[in-house]
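What follows is a set of notes on a single structure, which appears directly below.
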Amino acid sequence: MTLEMVAVDEPIGLNDYAEVIPLAGAVEELRELAAEVVPRLAGRRVWMVNSTAEGGGVAEMLPKMLTLLRELGVDARWVVISTERTEFFALTKRIHNLIHGAGEPRLTETDRELYEAVSRENAALLAGELNTDDLLVVHDPQPLGSGAILKQQLGLESIWRCHIGLDRVVPATQAVWGFLAPYASAYDHAVFSAPEYVPDYLSDRYSLIRPAIDPLGPKNRELSVKEVAAILRRARLVKTDAVAGGLPFLNHAQRLRPDGRWAPADEDDIGLLFRPIVTQVSRWDRLKGFAPLLDAFVRVKARCTESGITDEHRRRLEAVRLLLVGPDPRSVADDPEGLEVMEELSSAYRRLDPDLQRDVALITLPMESREENALMVNAIQRCSTVVVQNSIQEGFGLTATEAMWKGVPVVASSACGLRQQILDGYEGRLVSDPEDTEELANVLDKLLADPTQRRTLGQAAQRRVYREFLVLSQLRDWLRTLMGRLDA
Ligand code: UDP
């Protein structure tokens with residue numbers, strides 16, 4: 001068995017961020033902070049350890065973080081643990097689910113033996129690379145045990161970064177936090193995404209670092225109106241001759257037809273470029289709350305015929321359309337639940353009146369090219385009047401962050417991750433119960449009627465993301481956390 005040292009070679013550096021006017025201040029702040037921290041590190045290396053070089057949010061963000069940390073003068077390295085014992089990853093998958101509150105709340109002595117054996121194997125390999133004055137940053141539960149052994153053997157400064165959590169104590173979380181206690185407690189410090197996720201025994205030594213988005217990546221970079229239109233056309237989401245350039249994407253978006261067929265979404269025009277649009281983009285997961293959102297939208301539409309509303313608002317309610325968007329479940333391997341949820345929503349769609357079928361679009365986005373998929377998400381969010389994230393449970397909810405960054409007003413449930421991001425009435429709107437479709441309908445109706453509120457919520461949301469949820473702010477928080485360890 002060998003350790004995998006991951007080389008990083010991201011094309012985008014600090015100067016690229018600094019050239020974007022709204023980001024220049026954040027880059028400057030980062031450089032000032034680095035000027036304080038880097039001399040104090042005095043060449044000590046910072047090791048990031050996780051269990052995969054590809055796939056998942058952590059592996060996606062690490063290359064960016066490492067590139068920027070190195071540019072700032074930090075000697076940051078990335079190493080991935082592995083094992084030939086595949087049952088280890090089945091166990092850590094169970095651990096992951098238990099931290100989210102799912103699964104049989106039972107971990108046995110056999111589980112512990114397996115976990116510790118693999119932790120020892122990897123710790124032995126890592127010990128050959130690390131020095132006592134290095135700083136160790138271990139991500140998530142898989143390498144947690146190895147890091148704990150290294151801490152004991154070498155006495156080096158150690159931080160555990162846990163990217164997951166649940167905001168309630170249930171038997172599953174009790175079982176798993178009990179199982180992990182001896183390893184997690186060995187660390188000097190922990191980092192979580194929300195205070196609600198911190199187990200009691202770490203409450204005296206943790207920092208908060210929020211998940212973050214990359215403002216220059218294809219999903220979040222600025223797009224002109226022309227670019228939005230061109231992407232939508234290339235994805236076959238709109239038919240338009242108004243924009244030239246760009247071949248159709250390799251794979252296109254599909255829309256469910258009333259007869260149950262999936263067809264290119266531009267077969268009939270949804271009206272993305274000129275109608276009011278309410279959108280939710282998510283995986284097809286029951287916990288994302290698509291079904292109650294569809295019901296709420298039907299309620300909003302029914303208000304067209306009510307007396308006491310202005311003609312202007314009536315016209316708006318007549319014109320508004322709902323987009324339920326997710327990845328093509330046929331292209332996501334190993335996601336039987338995705339297909340099932342898609343089926344349930346398809347049946348609900350086919351039961352709607354023909355008028356409503358015209359006003360609701362169930363859309364799947366191809367996943368073959370990550371970049372094309374990201375551009376489609378970007379363009380769809382930018383042409384939305386309101387973005388909804390009606391999750392029943394949500395770890396953080398980057399889809400909300402992405403819309404907020406684009407200045408699009410967000411209506412979200414009060415699920416833990418979403419209430420970390422949005423102060424209700426200032427940075428978006430929160431509904432108290434994602435399954436209360438009347439409440440959601442009221443909030444949507446009010447927001448659709450009020451362009452001024454939409455604008456002010458969108459602007460405040462953008463500022464919140466700038467301060468807390470961009471890669472640049474995340475790096476600032478990491479530098480502060482490292483500095484905290486140097487002071488300790
Ligand atoms: N996403 C995507 N294409 C899709 C649907 C979702 O790229 O068709 C992305 C979405 O933009 C976001 C991520 O998947 O960046 C989902 O992250 P989030 O934190 O919202 O939820 P999770 O899926 O991790 O529960």
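Note that ligands are numbered from 1 as they come in the structure, with each ligand's atoms numbered from 1 the same way.
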Among all protein heavy atoms, pick the one closest to [atom] and tell me residue, atom and distance.
atom	answer
atom 8 (O) of ligand 1	P327 N, 3.0 Å
atom 9 (C) of ligand 1	K219 NZ, 3.4 Å
atom 18 (P) of ligand 1	L398 N, 3.5 Å
atom 3 (N) of ligand 1	N373 OD1, 3.0 Å
atom 12 (C) of ligand 1	E402 OE2, 3.3 Å
atom 6 (C) of ligand 1	V281 CG1, 4.0 Å
atom 21 (O) of ligand 1	K288 NZ, 3.2 Å
atom 16 (C) of ligand 1	T399 CG2, 4.4 Å

Q) Protein heavy atoms: any of them under 4.0 Å from atom 24 (O) of ligand 1? A)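 No; the ligand atom in question lacks any protein heavy-atom contact below 4.0 Å.
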Report, in ascending order of atom number, the atoms of ligand 1 lying under 4.0 Å from any heavy atom of [X].
X	answer
G397	19 (O), 20 (O)
G326	8 (O)
R283	22 (P), 23 (O), 25 (O)

Within the distance-only criterion (no hydrogens, no angle test), does the side chain of [X] pair as donor or acceptor with the backbone N or O of [Y] below 3.5 angstrom?
X	Y	value
E71	L14	yes
Y187	L144	yes
Q280	N390	yes
D424	L430	yes

Q.
Against R321, only a single residue in D355, D359, D269, D268 fulfils salt bridge (charged side-chain N to carboxylate O under 4.0 Å, His left out); can you say which?
A.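 It is D359, the one option of D355, D359, D269, D268 that forms the salt bridge (charged side-chain N to carboxylate O under 4.0 Å, His left out) with R321.
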Q) Between R286 and E340, is there a salt bridge with N-O shorter than 4.0 Å? A)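 Counted as a salt bridge, because a side-chain N and a carboxylate O are separated by less than 4.0 Å.
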**Q.** Side chains of F290 and D285 in contact at under 4.5 Å (non-hydrogen atoms)
**A.**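 Answer no - side chains too far apart.
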Q: Look at the aromatic rings of W177 and Y201 and report parallel, tilted or perpendicular, splitting at 30° and 60°.
A: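 The arrangement is perpendicular - the two ring planes meet at more than 60°.
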